[in-house]
Amino acid sequence: MGKHKPIYSPASDCGDYVVVTNCNLMKTSGNKFKQKIYRKHTQTPGGLKEMTMERLVNKKGYGEVLRRAVSGMLPKNRLRKIRLERLRTFEGPEHDYKQNVIRFWAETPEVIKANELVALEKK
C-alpha cells in the first residue's frame with residue numbers, strides 16, 4: 001500500500017511492485033492439483049465456466065494460480081485491480097526487473113532469523 005512513504009493516502013495506492021520468480025516450482029498439498037476448481041461467469045444465462053487447477057496451469061501457467069490466490073486474499077474494493085497489476089509472476093528465475101529490486105525476501109530480518117534458528121536446531 002505504500003504506508004512507509006511520505007505521500008501515503010488511504011484512498012490511493014502508492015505501493016511497490018512485487019516480483020515472484022520460479023512459479024513453476026510451486027507445490028500443492030493433497031489432490032488440489034486435480035480437484036481444485038476455479039469458476040468464472042460470462043454474465044449470460046448458463047455461462048458458468050469451470051476449470052481445474054491442472055487445466056489452468058497447462059493453459060496459463062503457475063503464475064496465474066498464484067495471481068488468483070493473491071486476488072482472493074486482497075480486500076474486495078476499488079484498489080484490488082490496481083494492486084494485482086503490480087504483481088509480476090515469472091515461471092523461471094529470469095525476469096526484467098533485476099535492476100529495480102530493492103530487497104529479496106530471503107534477505108529480510110525475519111527470514112534471516114528463522115534460518116538461523118533452523119540451523120541451530122539441526123546442530
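K81 places no side-chain N or O within 3.5 Å of a backbone atom of N77 that could act as its donor or acceptor partner.
No side-chain heavy atom of C23 sits less than 4.5 Å from a side-chain heavy atom of E64. In this structure the side chain of P75 never reaches within 4.5 angstrom of the side chain of R80, judged on heavy atoms.
With a 6.0 Å radius and a threshold of 12 heavy atoms from other residues, nucleotides or ligands, K40 has its NZ atom at or below the threshold.
Within the model, atoms CZ of R83 and OH of Y17 stand 14.5 Å from one another, a figure rounded to the nearest 0.5 Å.
Residue L56 is found in a hydrophobic cluster whose other members, listed by chain and number, are M26, F33, Y38, M51, M53, V57, Y62, V65; membership requires side-chain heavy atoms under 4.5 Å apart, directly or through intermediates. Under the 4.5 angstrom side-chain criterion for Ile, Leu, Val, Met, Phe, Trp and Tyr, the cluster partners of L84 are V18, V20, L66, V70, L74, L87. Side-chain heavy-atom separations under 4.5 angstrom define the hydrophobic clusters, and the remaining members of the one that includes I82 are L79.
The salt bridge (charged side-chain N to carboxylate O under 4.0 Å, His left out) search around R88 returns none, not counting sequence neighbours. For E94, the salt bridge (charged side-chain N to carboxylate O under 4.0 Å, His left out) criterion is met by K98, not counting sequence neighbours.
Among residues at least two apart or in separate chains, side chain to side chain donor-acceptor pair (under 3.5 Å) pairs with a member in residues 49-60 are K34-E54, R39-E50.
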